[in-house]
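A quick write-up on the structure given underneath.
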2 protein chains.
Amino acid sequence: MISMADIAKEAKVSRTSVSLALNERYIDGVSISEDIRNRIKKIAAKHGYRHNVLASSMTKGKSRMIGCLGLDQSEESALFVGQIMTAAIKAAAARDYSLKLLSSEATVEQLLDEICGYRLSGVIIRSRNHKMLERLTERLEHYHVPAVLVDTNYSDLGMSSVNSDDAEGVRQAVHHLYELGHRRINFIGFEDFTPFTIVRRGGYIQGLEECGLKLENNPCYFTDPGELRHPFERVEILAAKLLQEKTRPTAIIGNCDEVALLVLRAAWRLGINVPDQLSVIGVGDISPDLFSCPPLTTVARPYLSMGAAALNKLIDAPEETSNMVLPVNLVIRQTTAVCPINVE
Amino acid sequence: MISMADIAKEAKVSRTSVSLALNERYIDGVSISEDIRNRIKKIAAKHGYRHNVLASSMTKGKSRMIGCLGLDQSEESALFVGQIMTAAIKAAAARDYSLKLLSSEATVEQLLDEICGYRLSGVIIRSRNHKMLERLTERLEHYHVPAVLVDTNYSDLGMSSVNSDDAEGVRQAVHHLYELGHRRINFIGFEDFTPFTIVRRGGYIQGLEECGLKLENNPCYFTDPGELRHPFERVEILAAKLLQEKTRPTAIIGNCDEVALLVLRAAWRLGINVPDQLSVIGVGDISPDLFSCPPLTTVARPYLSMGAAALNKLIDAPEETSNMVLPVNLVIRQTTAVCPINVE
DNA sequence: TTGAAAGCGATACCAT
DNA sequence: ATGGTATCGCTTTCAA
């Protein structure tokens, strides 16, 4: 592949001139003369010259590449990470940066090899592995690589984060149900008490309080880790159990959309009509919601904004640690309705 | 950040020795002596040395990075691309390669800047934009960058591809329905006649023939591009129309899962029970299938294998152009059942 | 087994 | 406005 030196030779100018011309650089407002610049450009185009980013990144010691950890579908079937990534890549392209994928299965050492090896200018991390994050952030700090945690926030790690205001969303969900007349609500979820569950449950409890509802009448339930089945099945079992009690809830909020969709399924299996006999709300607004019957009412998390915000933060304020919380949006579709007078 | 030269100085050896030691390189089976090597390694570890991949890639002219185009969620809501990507990243990591994301919204020239600029060793492409592909492959050939098209195959482009045997899958789907007693089947899909629709329809027609069914009694329907609604709505309208005809089909095959899920929805709206009154089959096996009511019977495409195959092909046989077709698997869940005696 | 020196492609500084 | 030269960090001959 043709290099700047080759062009310089053919144009009978110095490599410096070629560099200045091709990069459109101006020192104190002036640069290479029009005609020389055009001559250089023409030669470059003729040979299909491509700027060697590896070389320039090396001299500069930075690579305009940003790493993405955990934005693939490896660990969990977290569908939405794709959206975060998509927004990030778009934001990156707009600023002439690009994204490099980091394997979710790599060890911390391997990650550091990739991150430092390519002199990445930052890393977007989506992980709930606290222990790993702890070691990783400590090392990243050592190498002065800015990082931002997206979709989670472990405040003890002292690292920047971008998240959505899920507590507020769930709070609104409770109000929505209350206004529809529901007085027997349940909040259910997986048993893993990662921050996101705690935060959302917090919003739930606050919502109850504001509506004058008591937690003991509107309890939270979590799946039983003892059950040796797939987590999805556990949720369905839990939901089915709740729906078969004699004073069953008239509304259920899932701590994420997957849970809500499984509640829909449990209801369907039991012949309970949603939303006539039961209202259901999720958190997320993931794509399967679009296909559920009926379409799911949910707290829409701004995945695209989250991806873009994370990326921009790394570029605009790499040093400063910040914790961004983006607004959510209760999307009312068709799984919520006025509470039936007689559920019993 | 500490460099090899720094280490060489501290260890009082040449930079060559450091390079050889750290890379564990052996020339004719021999290399740096045990103790010197250990000394070098210890110093490197002490300072947290990280190999500068930019520098070594530059000298070598290749970067052990592979580009991914169209594996984000930009254009369509193609959920499965994430799985392809995830498999690719895993396969890459296993071979000490890594993935770089290319923006789906970039122009061909911008893509080339990224691809050649970073001296990528290959590109995985997932796109159905024939015109763009045409120009891109022509240029990539010029720069000797191997590429592989995944999830599509435009045979006229003469480029390598990795795809799944969807025709065979749909053929099997027809047989499955036939064995359940169905004699009034429809194949429906979006109106866009990209290769994948044509291929799947081909499998459908072959299946019909093998079962002795006539196409005119088991027709294909496609949405009306004239309808100025969202494609999803168009599918639902089409499905609803078919389901309301006096001799409605007893089974419908969607040309992809999205279509099948929308058929489910249309049936649900009309109070038609699936699978008792209507059988439905999709193609894909995307994640929303897991949440549908009932769980969708579908032709499962091997996304993970496709991603891995595409990546391995680029590394193992970059020169040779090949067209790989991976086997699919009819996954029978709960949307297919014995044909009801009286549909009328 | 180890070292010296050239080169990869581009940038930056200092001259002219 | 343009050119010369050192430099970035590493690899690769070629000698010793």
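Residue numbering restarts at 1 for every chain, and letters A, B, ... go by the order of the sequence lines.
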Please give, in whole Å, the distance from [N] [atom2] to [X] [atom1]?
| X | N | atom1 | atom2 | value |
| --- | --- | --- | --- | --- |
| K12(B) | dT1(C) | NZ | P | 23 Å |
| N52(A) | dC10(D) | CG | P | 17 Å |
| I40(B) | dG3(C) | CD1 | C1' | 12 Å |
| M58(A) | dC10(D) | CE | C1' | 8 Å |
| K9(A) | dA10(C) | NZ | P | 13 Å |
| R119(B) | dA10(C) | CZ | C1' | 11 Å |
| R39(B) | dT1(C) | CZ | P | 16 Å |
| E34(B) | dT2(C) | CD | P | 11 Å |

Next on the checklist: Working note: Y49(A) + I43(A), criterion side-chain contact (heavy atoms from CB on, under 4.5 Å); need CA distance, chi angles, decisive distance, verdict.
Outcome noted: CA-CA 8 Å; Y49(A) 167 79; I43(A) 296 177; over 6 Å; no

Checklist entry - Looking across every strand, which nucleic acid part, if any, lies under 4.0 Å from V13(A) by heavy atom: base, sugar-phosphate, or nothing? => result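 Sugar-phosphate, no base atom in range.
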
Checklist entry - With sugar-phosphate meaning primed atoms plus P, OP1 and OP2, does L54(A) contact a base, only sugar-phosphate, or nothing at under 4.0 Å between heavy atoms? => result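 It contacts nothing in the nucleic acid.
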
Next on the checklist: If the cut-off is 4.0 Å, is S57(A) near the phosphate of dA10(C), judged by side-chain N/O to OP1 or OP2?
Outcome noted: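 Negative; the distance criterion is not met.
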
Next on the checklist: Can you confirm whether K42(A) is buried at NZ, in the sense that more than 12 heavy atoms of other residues, nucleotides or ligands lie under 6.0 Å from that atom?
Outcome noted: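 No.
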
Checklist entry - Should we count NZ of K90(A) as having more than 12 external heavy atoms under 6.0 Å? => result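 No, because the 6.0 Å sphere around NZ of K90(A) holds 12 heavy atoms or fewer from other groups.
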
Next on the checklist: Set out, in order, the CA-CA distance, both residues' side-chain angles and the distance that settles side-chain contact (heavy atoms from CB on, under 4.5 Å) for L157(A) and E138(A), then state yes or no.
Outcome noted: CA-CA 9 Å; L157(A) 293 176; E138(A) 192 253 327; over 6 Å; no

Checklist entry - Between N323(B) and N153(B), does a side-chain contact (heavy atoms from CB on, under 4.5 Å) hold up when you go through it step by step? => result CA-CA 8 Å; N323(B) 294 95; N153(B) 182 14; 3.6 Å; yes

Item to check | Salt bridge present between R37(B) and E24(B) (N-O < 4.0 angstrom) | outcome: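 Answer for the salt bridge query: yes.
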
Next on the checklist: Does the plane of the ring in Y154(A) sit parallel, tilted or perpendicular to the ring in H130(A)? Use 30° and 60° as the thresholds.
Outcome noted: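 Geometry flag for H130(A) against Y154(A): perpendicular rings.
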
Item to check | Nearest listed nucleotide, side chain of Y49(A), among dG9(D), dA10(C), dT2(D) | outcome: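 Between dG9(D), dA10(C), dT2(D), the one nearest the side chain of Y49(A) would be dA10(C).
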
Tabulated below should be each protein N or O lying under 3.5 Å from an N or O of nucleotides 11-13 of chain C; please produce it.
| from | atom 1 | to | atom 2 | distance (Å) |
| --- | --- | --- | --- | --- |
| dT11(C) | OP1 | N23(A) | ND2 | 3.1 |
| dT11(C) | OP2 | S19(A) | OG | 2.6 |
| dT11(C) | OP2 | N23(A) | ND2 | 3.2 |
| dA12(C) | OP2 | R25(A) | NH1 | 2.5 |
| dA12(C) | N6 | T16(A) | OG1 | 3.0 |

